[in-house]
Amino acid sequence: SLSPMLSGRGFAFRRKQKIEQQYRKLLKKRRQVHSQQDDQFTDTYPEHLKHLYLAEEEKLKKRRRTPDDSVSSEEKLNKAADGSGIYGYVCLSVSRTCTFSSRSVVTQEKFKNKTSNQKAKEEYEKIKAEHARKKEEAEKRKQQREEAQRLYKKKKMEAYKILSKKTKKGQPNLNLQVEFLLQKIQQNT
């Protein structure tokens, strides 16, 4: 009942169609996401406040170019505002609050957000300091151990010299051994 054209179009063909459909869906989603991102970065200001935002932008651009402290901020704002004196005044009051908040945010971000390179350098410095501290401690312990061993060997040698002394006939000198034991008992008590 099947025609020769349709034979051989079994599960593999359906799977291929399904994958193609999923791929098309994915492409469509990506296009939507890109368009949303593009919209996100374009400046869309509300129409009735547009002049304020533009004046603020101009002011910030001028400040970046030439930091002129001799001219007062009010004059700068009045120059930046495109309208009459009323708009300039409104712009002044709004932009002061805007610049203040943006400045504080920028300074906080500068202190809070560090680049990965700065973080890596700080981490490296911490690790380096830690290694140096551990090395010093190990060196101190080694010196203390060597000092303790030297003292121990010195005492052992003195004890050996006392205990190994012989009389003229070659017998062990018991008087010296008894004195040594007496000294040891007195030190312990």
Participant: Any non-hydrogen side-chain atom of Glu158 less than 4.5 Å from a side-chain atom of Lys154?
Facilitator: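 Yes, at least one pair of side-chain atoms sits under 4.5 Å.
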Participant: Kindly compute the distance separating CZ (Arg14) from NZ (Lys18), expressed to the nearest 0.5 Å.
Facilitator: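 If I round to the nearest 0.5 Å, the distance is 11.0 Å.
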Participant: Taking atom NZ of Lys25 and atom CG of Leu27, what is their separation to the nearest 0.5 Å?
Facilitator: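 Rounded to the nearest 0.5 Å, the NZ-CG separation comes out at 13.0 Å.
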Participant: Tell me every residue that passes salt bridge (Lys or Arg N to Asp or Glu O under 4.0 Å) with Glu122, counting only those two or more places apart in sequence or in another chain.
Facilitator: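 Only Lys114 meet the salt bridge (Lys or Arg N to Asp or Glu O under 4.0 Å) criterion with Glu122.
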Participant: Looking at every non-hydrogen atom in both residues, tell me the closest pair between Leu176 and Lys165 and how far apart they are.
Facilitator: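 Shortest heavy-atom separation between Leu176 and Lys165 comes out as CD1-CD, 3.7 Å.
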Participant: A side-chain contact here means heavy atoms from C-beta on lying under 4.5 Å apart; do Glu57 and Lys61 qualify?
Facilitator: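 The answer is yes; the side chains approach within 4.5 Å.
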Participant: Just how far is it from atom CD of Glu139 to atom NZ of Lys135, taken to the nearest 0.5 Å?
Facilitator: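 That separation rounds to 8.5 Å.
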Participant: Would you give the length of the straight line joining atom NZ of Lys184 to atom CD of Gln186, rounded to the nearest 0.5 angstrom?
Facilitator: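 Here the rounded value is 13.5 Å.
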Participant: Check this for me: Lys166, atom NZ, are more than 12 non-hydrogen atoms of other residues, nucleotides or ligands nearer than 6.0 Å?
Facilitator: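 Yes, NZ of Lys166 has more than 12 neighbouring heavy atoms, counting only those of other groups under 6.0 Å.
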Participant: In plain terms, say whether Lys128 and Glu125 are close enough for a salt bridge, that is, a side-chain N and a carboxylate O under 4.0 Å apart.
Facilitator: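 No.
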Participant: Please name all residues satisfying salt bridge (Lys or Arg N to Asp or Glu O under 4.0 Å) with Glu130, sequence neighbours left out, ordered by chain then number.
Facilitator: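 So Glu130 forms a salt bridge (Lys or Arg N to Asp or Glu O under 4.0 Å) with Arg133.
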Participant: Decide yes or no for Asn173 and Gln177: does some side-chain heavy atom of the first lie under 4.5 Å from some side-chain heavy atom of the second?
Facilitator: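 A side-chain contact under 4.5 Å is absent here.
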Participant: Kindly indicate whether the side chain of Arg15, heavy atoms from C-beta on, has any atom under 4.5 Å from the side chain of Ile19.
Facilitator: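 Answer yes - side chains close enough.
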Participant: With rounding to the nearest 0.5 angstrom, report the CD to NZ distance, Glu136 to Lys140.
Facilitator: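 Nearest 0.5 Å value for the CD-NZ distance: 6.5 Å.
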Participant: Under 4.0 Å between a side-chain nitrogen and a carboxylate oxygen: does that hold for Glu20 and Arg24?
Facilitator: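 Salt bridge flag = yes for Arg24 with Glu20.
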